[in-house]
Amino acid sequence: MSARGAVRDGIPAAGTRPAGSVRHRWLILAVLCLAQVTVVLDNTVLTVAIPVLTGELDATTADVQWMINAYALVQCGLLLTAGSAADRYGRRRMLLAGLVLFGAGSLAAGLAGTSGQLIAARAGMGIGGALLVTATLAVAMQIFDGAERTRAIGLWAATSALGFAAGPPIGGAILAHLPWNAIFLVNVPIVLVCLLAAGALVPESRDPVDGRLDLLGVLLSTAGLTGVVWAIISGPEHGWTAPAVLGAAGAGVLLLVLFVAWERRIPAPMLDMSLFSERRFVGAVCGVVLITFGATGALFLLTQHLQFVRGYSAWEAGLRMVPFALSIVVLNLAGVAARVIRRLGSPAAIAVGMALLAGGLTVVTHAPGDGYPVLLGGLLLMGTGCALANPAIVEAVMSAVPARKAGVGAGVDGTMTEVGGSLGIAVLGAVLNARFAALLPPALAGAGSLPAAVAAARSETERQVVSDAFRAALETGQTVGAVAVLVGGLVTAGLLRRADRIR
């Protein structure tokens with residue numbers, strides 16, 4: 001029987017060996033991480049290309065927003081569906097399909113000649129991205145076990161941080177020497193390498209329990225999640241009480257309620273609702289939302305701090321955040337994070353990790369002096385915290401899901417990560433804007449942003465007042481973010497510890 005021929009209880013049939021004995025598993029993980037970092041990088045790489053795209057494609061502000069958001073919205077809306085498809089049709093198969101779709105979307109984006117074409121291509125990349133985010137984690141769960149699994153999950157999670165931080169400097173470096181199209185075309189050779197390696201190395205695995213495709217569940221979950229996330233993303237711009245925002249949020253919530261009701265009725269649901277009766281699963285899912293809410297929102301404000309307070313360009317700010325991402329990668333690659341997580345246990349590792357992240361953000365925000373050494377110290381503290389907390393929370397989610405449902409677990413983890421991150425950016429961004437508006441002098445009270453306030457200022461004194469107001473508003477937002485990170489970590493640790501005691 002071939003390595004791709006049979007599957008038992010979700011474990012790849014690369015023989016009847018334990019998952020940890022799969023040949024070339026670390027090389028397979030390298031391929032999975034390369035695919036994952038490319039997907040995450042495409043969330044941030046476009047930030048430095050906005051001025052170029054506006055000129056080259058004659059793009060409006062709305063066009064640019066859709067170029068960025070189309071990718072994230074489609075990806076988030078399809079994560080649950082992609083995870084279910086990976087379990088049902090084969091994780092290797094969905095990994096390869098995701099690579100093909102992501103590569104084709106990247107090629108189409110690189111060849112786009114209009115804003116509409118680029119938006120459509122980005123949406124196509126989002127479909128491939130959803131398949132890759134879920135399939136890469138699900139495959140890793142199948143080929144590793146025991147202590148190796150903790151380390152593998154840590155490396156997989158570390159690639160997300162690397163992609164987040166590396167996007168702006170990589171995009172800036174490309175734009176300094178090549179046309180904007182290269183930002184997308186560079187994905188094509190990476191995808192080809194991953195396709196060849198995955199096709200040759202990755203064993204097939206799937207859920208052995210057969211069932212018909214839950215088409216209605218797919219439609220309800222996709223439309224519901226897309227509506228909710230669009231409302232979260234658009235709320236700060238259009239206003240939380242705008243009819244379009246309220247309508248999208250209301251419709252999204254209603255569709256998700258119908259999704260839950262439908263999933264409870266059918267014999268082979270896309271998402272088994274009985275999982276939510278498990279305290280550990282509920283605690284882990286709540287933890288993902290709480291942690292990503294604080295961490296993503298705080299990091300978003302940190303990029304604003306670097307650009308608007310310290311005066312760095314987008315790619316320079318990204319370059320200065322690289323030590324944050326590299327510290328996560330190094331600690332996981334060396335196995336330090338995995339050993340600490342095993343010694344402390346997931347709940348304590350999450351609490352300690354988020355406390356370090358909150359402490360690092362506090363150092364960056366409130367330490368005297370604007371020199372880079374202070375910033376570097378804060379970033380290394382933050383990176384150490386994420387190196388502990390990220391893999392611990394992913395492992396908490398995945399360990400609460402049966403092995404044969406690894407794809408569904410990855411879909412839930414990815415969806416909650418996107419929802420928590422979007423909420424964090426929206427809420428902490430709203431805190432920043434509200435504080436900034438309150439600190440502006442009456443003559444500039446109508447300015448809705450820092451550039452608008454600077455443009456409306458009539459003297460150097462007023463411009464300095466605007467700058468000081470934005471700095472103070474950022475400090476408030478970052479402080480709230482640090483508190484949210486700490487509280488999220490402690491609440492998550494408490495939920496998981498309580499679930500473990502009850503079990």
Is there a donor-acceptor pair under 3.5 Å between the side chain of [X] and the backbone N or O of [Y]?
X: Thr303; Y: Phe300; result: yes
X: Asp87; Y: Val408; result: yes
X: Arg497; Y: Pro347; result: no
X: Ser422; Y: Val419; result: no
X: Glu204; Y: Arg91; result: yes
X: Arg92; Y: Gly199; result: yes
X: Ser234; Y: Ala231; result: no
X: Glu278; Y: Ala400; result: no
X: Glu418; Y: Gly414; result: no
X: Thr296; Y: Phe293; result: no

[Y] and [X], any side-chain heavy atoms less than 4.5 Å apart:
X: Cys33; Y: Thr136; value: no
X: Val202; Y: Leu95; value: yes
X: Thr492; Y: Met354; value: no
X: Val228; Y: Ile232; value: yes
X: Thr417; Y: Val289; value: no
X: Phe144; Y: Val139; value: no
X: Trp262; Y: Asp214; value: yes
X: Leu495; Y: Val282; value: no

Point-to-point distance, once rounded to the nearest 0.5 Å, from [atom1] of [X] to [atom2] of [Y]:
X: Thr292; Y: Asp413; atom1: OG1; atom2: CG; value: 9.0 Å
X: Leu80; Y: Thr415; atom1: CG; atom2: OG1; value: 4.0 Å
X: Leu254; Y: Phe259; atom1: CG; atom2: CZ; value: 14.0 Å
X: Leu290; Y: Ile350; atom1: CG; atom2: CD1; value: 10.5 Å
X: Leu155; Y: Leu162; atom1: CG; atom2: CG; value: 11.5 Å
X: Met94; Y: Leu132; atom1: CE; atom2: CG; value: 11.0 Å

Which heavy atom of [X] sits nearest a heavy atom of [Y], and at what distance?
X: Asp272; Y: Pro269; value: CA-CG, 4.0 Å
X: Ala112; Y: Leu57; value: O-CD2, 4.4 Å
X: Met416; Y: Val285; value: CG-CG1, 3.6 Å
X: Gly294; Y: Leu428; value: O-CD1, 4.3 Å
X: Leu73; Y: Thr226; value: CD2-O, 3.9 Å
X: Gly110; Y: Phe184; value: N-CB, 3.8 Å

Under 6.0 Å from the six-membered ring centre of Tyr71 and within 45° of its axis: does the NZ or CZ of Arg122 meet both?
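Yes, a cation-pi geometry holds between Arg122 and Tyr71.
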
Is NZ or CZ of Arg151 both nearer than 6.0 Å to the six-membered ring centre of Trp26 and within 45° of the ring axis?
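Checked: cation-pi criterion met.
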
Check the pair Leu195, Val100 against side-chain contact (heavy atoms from CB on, under 4.5 Å), reporting the backbone distance first and the verdict last.
CA-CA 8 Å; Leu195 265 175; Val100 170; 4.1 Å; yes

Does a salt bridge link Lys405 with Asp207, judged by any charged N lying under 4.0 Å from a carboxylate O?
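A salt bridge is present here (some side-chain N lies under 4.0 Å from a carboxylate O).
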
Which residue, Val480, Val487, Leu486, forms the side chain to side chain contact (heavy atoms under 4.5 Å, CB included) with Val483?
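Of Val480, Val487, Leu486, side chain to side chain contact (heavy atoms under 4.5 Å, CB included) with Val483 is met by Val487 alone.
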
Does the side-chain contact (heavy atoms from CB on, under 4.5 Å) test come out yes or no for Leu220 and Leu256, once each step is laid out?
CA-CA 6 Å; Leu220 289 173; Leu256 290 178; over 6 Å; no

Applying side-chain contact (heavy atoms from CB on, under 4.5 Å) to Met125 and Asn187, what does each step give before you reach the verdict?
CA-CA 11 Å; Met125 291 172 68; Asn187 292 336; 3.9 Å; yes

Please check if any side-chain donor atom of Trp230 sits under 3.5 Å from a side-chain acceptor atom of Asn69, or the reverse.
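Note: Trp230 and Asn69 side chains miss the donor-acceptor criterion.
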
Go through Ser221 and Thr81 one step at a time and tell me if the side-chain contact (heavy atoms from CB on, under 4.5 Å) criterion holds.
CA-CA 8 Å; Ser221 65; Thr81 300; 3.7 Å; yes

